[in-house]
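Notes follow the structure.
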Amino acid sequence: PKKATFTDANFPLDPEGRVYHLGVKRGEVTNRILSVGDSDRARRLAGLLDPPVEGGDLFHAESSRGFNVYTGRKLGVPITIISTGMGIPMMDFVVRETRAIVEGQMAFMRLGTCGLIDATSPVGTVSVAAKGSVFVRREPDAFSDADVEPYRISLPIPCDETLSAIAVAELKEQMGDLSNVITGLNASADSFYSSQARQGAAFDDRNGGLMDELLGRYPGLTTLEMETFHLYDLARVSHGSVIASAAAIGLAQRKSNDFIDASRIAELEERAGEALLRTLVKCELENDDDGGCTDSS
Ligand code: R1P
Ligand code: URA
């Protein structure tokens, strides 16, 4: 298909107002967004939305950059599910480009997967990053022989406490006996490998002491993944226009080296997804009263 022409180098839009990477425009995204990394997870969770009324379709747009946007309703409330992909730049596109085409305050929940750090949490545990998130990034200057450490660990950034509390309650109800729900501090890393302290011989990663360093600095660390920190960071600098929280399903147990059986993932994702969609339905946003995102007309 022919590519549309975009104008405005500062914030590119096509003639209909579509944003450059997500490929959606005003009216196609709501104030309540569930962001997930994986496109299969997004499609599966879109199946949990209300059935479209009277021949209407669930809105779905897939962009050539790999974002999938589904917009419908959950329990009557307009909601959007986005497959974000992986890493901080992808989360940056999702938050900034949706913010540009939605009026009023926005709530973001992330449902991710993660590595579990504390030895007591088995694979399948769902952890809410209710105590915030830090960022772990590889420092390239260390490999240019500058006198700096090879990994930098940031200060924590908090999440929205109310959104997290609703998420914990909803997750406990929906997960039931299927899995444990915990809360903790998350670390988002700029690699699945080096900055998550995975060991390998192919690269000179200098990360043998990284896990101990992380736990030494933040003993309450529960999870390692790749996007939550940036979601919280953008919410923090959004002048109050974005609130955010995040949960993740533990696929990898980093102490025991256990990895989850693939057959368990779909049900865990669906139950956690149901919980986080209900969380977004329940959360109150500033513009709800004036016909904002919960207007069901
Ligand atoms: C790595 O496997 C990916 O899984 C986690 C990490 O944050 C990273 O994006 O989350 P998602 O399953 O949501 O992608
Ligand atoms: N996603 C991550 O980023 N890390 C893990 O260990 C598992 C999922």
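Residues take their numbers from the sequence shown, with the count starting at 1. Start at 1 and go down the list; that is how both ligands and their atoms are numbered.
- Close approach to Ala252 involves these atoms of ligand 2, each under 4.0 Å from a residue heavy atom: 6 (O).
- The single protein non-hydrogen atom nearest to atom 10 (O) of ligand 1 is Arg110 NH2, 2.9 Å, given as residue, atom name and distance.
- Between Asp38 and ligand 1, not a single N/O pair is under 3.5 Å apart.
- At least one N or O atom of Gln196 sits closer than 3.5 Å to an N or O atom of ligand 2.
- Under 4.0 Å from ligand 2, not a single heavy atom of Leu251 appears.
- Heavy atoms from other residues, nucleotides or ligands lying under 6.0 Å from OH of Tyr193 number 12 at most.
- Listed by number with element, the atoms of ligand 1 under 4.0 Å from a non-hydrogen atom of Met86 are 1 (C), 3 (C), 8 (C), 9 (O), 14 (O).
- Given atom 14 (O) of ligand 1, the protein heavy atom at minimum distance is Gly37 CA, 3.3 Å.
- Hydrophobic cluster membership for Tyr20: Phe6 (Ile, Leu, Val, Met, Phe, Trp, Tyr linked by side-chain heavy atoms under 4.5 Å, directly or transitively).
- Here the side chain of Tyr151 pairs no donor or acceptor atom with the backbone of Leu214 at under 3.5 angstrom.
- Remark: Ser245 pairs with Ser164 by the side-chain hydrogen bond (donor to acceptor under 3.5 Å, both in side chains) rule, at least two apart or across chains.
- By the 6.0 Å and 45° rule, Arg43 does not stack over the aromatic ring of Tyr70.
- Atoms of ligand 2 found under 4.0 Å from any heavy atom of Gly115 (numbered from 1 in listed order, with element): 4 (N), 5 (C), 6 (O), 7 (C).
- When each atom of ligand 2 is checked for a heavy atom of Arg198 under 4.0 Å away, the hits are 4 (N), 5 (C), 6 (O).
- Formation of a donor-acceptor pair under 3.5 Å by the Thr125 side chain with backbone atoms of Asn180 is not found in this model.
- Distances between N or O atoms of Gly87 and those of ligand 1 include no value under 3.5 Å.
- You'll find the side chain of Val95 reaches within 4.5 Å of the side chain of Phe108, heavy atoms only.
- Side-chain contact, Thr30 with Thr80: a donor N or O sits under 3.5 Å from an acceptor N or O.
- Ring geometry for Phe93 versus Phe67: interplanar angle over 60°, hence perpendicular rather than tilted (30 to 60°).
- With hydrogens left out, the protein atom closest to atom 8 (C) of ligand 1 is Glu227 OE2, 3.5 Å, a heavy atom.
- Which of Tyr193, Phe259, Phe192 comes nearest to atom 2 (C) of ligand 2 through a heavy atom is settled by distance: it is Phe192.
- Scanning the protein heavy atoms around atom 4 (O) of ligand 1, the nearest turns out to be Thr113 OG1, 3.2 Å.
- Residue contact annotation: Leu224 has a non-hydrogen atom under 4.0 Å from ligand 2.
- Proximity of Cys114 to ligand 2, defined as any heavy-atom pair under 4.0 Å, is confined to the backbone N, CA, C and O atoms.
- Within the 3.5 Å criterion, the main-chain N or O of Ile153 finds a donor-acceptor partner in the side chain of Arg217.
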